[in-house]
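Have a look at the structure below before the remarks.
Heads up: numbering here begins at 1 and tracks the sequence.
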Amino acid sequence: MTAPWTPTAEDDPLDGLRAVLVEAECGYEPKGGYEDRCWLLHAIHDGPVRLRWDEVLGRVGRRFADWSGTPSYLVFEGVDGAAELDGPDPAEMDRACLVRLVELLARHAPQGPDTPCGGAQAPVDSFPGERFLAWRGGLGAALAHYDACNGPGATLERRFPATWWAADGSWLVLTDWDLSATEVFGDVALIADLLADPELDAVRHPSIAETFGD
């Protein structure tokens with residue numbers, strides 16, 4: 001059985017990201033350094049059937065492409081029946097989407113599932129007593145870490161990190177604590193594959209910084 005990622009030492013520089021990650025309560029969104037980026041919209045289910053966001057918004061003649069804000073529950077305000085659907089979850093993608101994302105990341109990494117990764121979560125104000133946490137492990141162990149964070153006995157200190165990345169800087173994944181979608185940064189080929197994948201609801205949409213003018 002694959003082991004989850006392991007906690008890092010306090011002096012680990014985290015591939016040069018420690019300073020920004022310590023301050024990134026909701027996760028770190030880079031403003032440069034990657035060729036391309038896209039959003040993976042978190043899953044919505046009506047019973048066993050997975051729906052794309054546009055399928056739900058289409059009930060009232062809307063499209064996600066017309067939404068000017070970041071991807072959150074606010075997208076579905078005023079949509080009949082949206083409250084009765086399962087999802088989209090805030091802060092964390094569902095396991096099936098993570099499985100597919102890991103498969104595609106491994107396909108674009110020279111070391112495949114053995115690609116060294118880091119992950120981090122800064123303290124979130126709404127959870128008193130938290131401390132900065134960081135982990136390291138192989139890409140192929142991301143699912144084991146997810147399961148450990150969501151299984152019996154899981155605690156806030158075992159949740160899946162908001163930000164995780166390839167140690168060589170080839171890609172970075174952000175699931176902002178306040179949003180219902182995951183942002184992926186990488187090269188053009190990786191993002192093209194994510195956007196074309198039928199198992200993911202991947203879209204182009206303004207970044208958090210672009211949306212708020214940061």
_Looking at every heavy atom in both H45 and A43, which two are closest together, and how far apart are they?_
CE1-CB, 3.7 Å
_Run the side chain to side chain donor-acceptor pair (under 3.5 Å) test on H42 and D94 for me, step by step, so that the C-alpha distance in whole Å, both residues' side-chain angles and the decisive distance to 0.1 Å come before the verdict._
CA-CA 7 Å; H42 292 179; D94 70 288; over 6 Å; no
*Nearest non-hydrogen partners of P123 and F132, listed with the distance*: CG-N, 3.7 Å
*Working for side chain to side chain donor-acceptor pair (under 3.5 Å), residues D168 and Q111*: CA-CA 11 Å; D168 66 1; Q111 294 177 261; over 6 Å; no
_Would the distance check show the side chain of D89 and the main-chain N or O of E92 forming a donor-acceptor pair, the cut-off being under 3.5 Å?_
no
*Rounded to the nearest 0.5 Å, how far does CD of E183 lie from OG of S207?*
6.0 Å
*With a 4.0 Å cut-off, would you call E55 and R52 a salt bridge?*
no
*Do the side chains of L105 and Y146 join up, straight or via other hydrophobic residues, at under 4.5 Å, putting them in one cluster?*
yes
*How long is the span from the CD1 atom in I191 to the CH2 atom in W171, to the nearest 0.5 Å?*
11.5 Å
*May I ask you to check whether F64 and W39 place their ring centers less than 6.0 Å from one another?*
no
*Is the closest side-chain heavy-atom distance between E199 and L104 below 4.5 Å?*
no
*asked:* Measuring only between side-chain heavy atoms, which start at C-beta, is D176 closer than 4.5 Å to T70?
replied: no
_Any heavy-atom pair between the side chains of V75 and E77 that's under 4.5 Å?_
no
*Can W67 be reached from Y73 by stepping across I, L, V, M, F, W or Y side chains whose heavy atoms are under 4.5 Å apart?*
yes
*Does the pair R18/D12 count as a salt bridge with the N-to-O cut at 4.0 Å?*
no
*Find out whether R107 and P113 are in side-chain contact, i.e. whether some heavy atom of one side chain is under 4.5 Å from a heavy atom of the other.*
no
*Can you tell me how far the CG atom of L179 sits from the OG1 atom of T175, to the nearest 0.5 Å?*
9.0 Å
_Measuring centre to centre across the rings, with the benzene-like ring taken for any Trp, is W135 within less than 6.0 Å of H145?_
yes
*Tell me, with the steps shown, if V56 and V79 meet side chain to side chain contact (heavy atoms under 4.5 Å, CB included).*
CA-CA 8 Å; V56 179; V79 178; 3.9 Å; yes
*Would D187 and D36 count as a side chain to side chain contact (heavy atoms under 4.5 Å, CB included) if you check the C-alpha gap in whole Å, the side-chain angles of each, and the deciding distance to 0.1 Å?*
CA-CA 6 Å; D187 62 27; D36 206 354; over 6 Å; no
*State, to 0.1 Å, how close G140 and T2 come at their nearest heavy-atom pair, and which atoms those are.*
O-CG2, 4.3 Å
*asked:* Do L194 and D197 make a side-chain contact, defined as non-hydrogen atoms from C-beta onward lying under 4.5 Å apart?
replied: no
*Calculate, to the nearest 0.5 Å, the distance between atoms OG1 and CG belonging to T163 and L17 respectively.*
8.5 Å
_Less than 4.5 Å apart, side chain to side chain, heavy atoms only: is that true for L133 and P161?_
no
_Which atom of M93 lies closest to which atom of L101, heavy atoms considered_ = CE-CD2, 3.8 Å
*Joint cluster assignment, L200 & V173, ILVMFWY side-chain distance < 4.5 Å*: yes
*Answer yes or no: is there a side-chain heavy-atom contact under 4.5 Å between E25 and W177?*
no
*Does one hydrophobic cluster hold both L195 and F185, with members joined at side-chain heavy-atom distances below 4.5 Å?*
no
*Nearest atoms (heavy-atom pairs only) where P71 meets A181*: CB-CB, 3.5 Å
*In one Ile/Leu/Val/Met/Phe/Trp/Tyr side-chain cluster, 4.5 Å: V184, V203*: no
*Are E29 and V20 close enough that some pair of their side-chain heavy atoms sits under 4.5 Å apart?*
no
_Whether D54 and R59 form a salt bridge (side-chain N of Lys/Arg under 4.0 Å from carboxylate O of Asp/Glu) is what I want to check._
no
_CD1-CG distance between I44 and L85, expressed to the nearest 0.5 angstrom_ = 6.5 Å
_Identified side-chain contact (heavy atoms from CB on, under 4.5 Å) counterpart of L98 within the set L40, L143, T182_ = L143
*Nearest-0.5 Å distance, CD of residue Q121 to CH2 of residue W164*: 14.0 Å
*What do you reckon, is OH of Y34 surrounded by more than 12 foreign heavy atoms closer than 6.0 Å?*
yes
_Please report whether the ring centroid of W53 lies less than 6.0 Å from that of F76._
yes
*For L139 and G112, work out which heavy atoms get closest and say how close.*
CD2-O, 3.8 Å
